[in-house]
Amino acid sequence: MHIILNGDRREFPDSLSASQLLDDLGLTGKRLALEVNREIVPRSTFDSHIIQPGDHIEIVHAIGGG
């Protein structure tokens, strides 16, 4: 399936959960926010949130500072 990931068209397998997407991208365990079609996906639902063809996904990394 094709999705838009941070502005770039990418292809991933069908029936991919948000957790699996992050794992495929090497981002498991990182501090980040996931937005799908302009809605924040709560971390507690990453396992059950299924990515759909054509979804627009933004991944933002949390950066600490002082």
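- Considering every non-hydrogen atom in both F46 and V41, the closest pair reads CE1-O, 3.2 Å.
- Counting heavy-atom neighbours within 6.0 Å of E11 CD, excluding the residue itself, gives a total above 12.
- Not a single donor-acceptor pair under 3.5 Å links the side chain of R43 to the backbone N or O of L34.
- Hydrophobic clustering (side-chain heavy atoms under 4.5 Å, transitive across Ile, Leu, Val, Met, Phe, Trp, Tyr) groups L27 together with L21.
- In the hydrophobic cluster analysis, where Ile, Leu, Val, Met, Phe, Trp and Tyr join through side-chain heavy atoms closer than 4.5 angstrom, I40 is grouped apart from I50.
- Using a 3.5 Å distance cut-off with no hydrogens or angles, the side chains of S19 and D47 do pair a donor with an acceptor.
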- Message: As a quick check of understanding, evaluate side chain to side chain contact (heavy atoms under 4.5 Å, CB included) for L16 and I3, giving each step before the final call.
- Response: CA-CA 11 Å; L16 187 71; I3 62 171; 5.8 Å; no
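- Put simply, the side chain of R10 reaches to within 4.5 Å of the side chain of L25, judged on heavy atoms.
- In the hydrophobic clustering of ILVMFWY residues, with side-chain heavy atoms under 4.5 Å counting as a link, I57 and V60 come out apart.
- Clustering ILVMFWY residues whenever any of their side-chain heavy atoms sit less than 4.5 angstrom apart, transitively, puts V36 in a cluster other than the one holding I4.
- Note: E58 CD to R38 CZ = 9.5 Å, rounded to the nearest 0.5 Å.
- Distance check: Q20 CD to I51 CD1 gives 9.5 Å after rounding to the nearest 0.5 Å.
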